[in-house]
Amino acid sequence: MLGNYFGHLAIGAAMFAALQLFGVGLNLLVQWSEPVVADTGFSQLMKIVEKIILYSDVVLVVWWAVFSTYRAIQELHDE
């Protein structure tokens, strides 16, 4: 049961890392395209998208940790 719990947390950490890599790539894209596109509206939109991805990533990891803890407690009570 404890291994299952840590496995769930490891999967959550892997999802967090994958989404962070996507966010970093998006940030680099925005930085590199800002001088080329020269449109402040595009830059602002991409910064908003970056923040949405970051906050949704944090919410996902917190939800996953709470869900994994809940499942581990449930399994502990079932035994």
Side-chain angles (χ1 to χ4, degrees):
M1 183 228 12
L2 193 57
N4 190 14
Y5 174 65
F6 285 120
H8 272 269
L9 291 180
I11 289 172
M15 288 188 299
F16 180 79
L19 287 173
Q20 282 300 96
L21 285 175
F22 177 71
V24 167
L26 186 61
N27 186 6
L28 290 175
L29 177 68
V30 169
Q31 287 178 0
W32 291 338
S33 68
E34 207 164 357
V36 175
V37 175
D39 182 15
T40 58
F42 174 76
S43 298
Q44 293 299 324
L45 177 65
M46 293 308 288
K47 288 178 184 178
I48 290 170
V49 169
E50 282 181 278
K51 286 184 183 187
I52 289 171
I53 290 171
L54 173 65
Y55 295 141
S56 64
D57 195 17
V58 170
V59 167
L60 174 68
V61 168
V62 169
W63 176 83
W64 191 260
V66 169
F67 176 71
S68 297
T69 304
Y70 173 73
R71 293 278 312 257
I73 291 171
Q74 235 181 2
E75 288 179 14
L76 183 63
H77 283 267
D78 288 344
E79 291 180 4

side-chain hydrogen bond (donor to acceptor under 3.5 Å, both in side chains) partners for Tyr70, two or more places apart: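 Only Gln74 meet the side-chain hydrogen bond (donor to acceptor under 3.5 Å, both in side chains) criterion with Tyr70.
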
With sequence neighbours excluded, residues passing side-chain hydrogen bond (donor to acceptor under 3.5 Å, both in side chains) with Ser56: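 Partners of Ser56 by the side-chain hydrogen bond (donor to acceptor under 3.5 Å, both in side chains) criterion come out as none, since no residue qualifies.
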
Quick one: side chain to side chain contact (heavy atoms under 4.5 Å, CB included) partners of [X], sequence neighbours excluded?
X	value
Lys47	Glu34, Glu50
Leu29	Leu26
Leu28	Val24, Gln31, Trp32

Going by atom type alone, with no hydrogens or angles, which donor-acceptor pairs under 3.5 Å involve a side-chain atom of residues 57-67 and a protein atom two or more places apart or on another chain?
unit_1 : atom_1 : unit_2 : atom_2 : d
Trp64  : NE1    : His8   : O      : 2.4

Hydrophobic cluster of Ile52, others only, ordered by chain and residue number, side-chain cut-off 4.5 Å: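 Ile48, all in the cluster of Ile52.
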
Co-members of Leu21 in a cluster of I, L, V, M, F, W and Y side chains, linked at under 4.5 Å: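 Besides Leu21, the hydrophobic cluster comprises nothing; the residue is isolated.
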
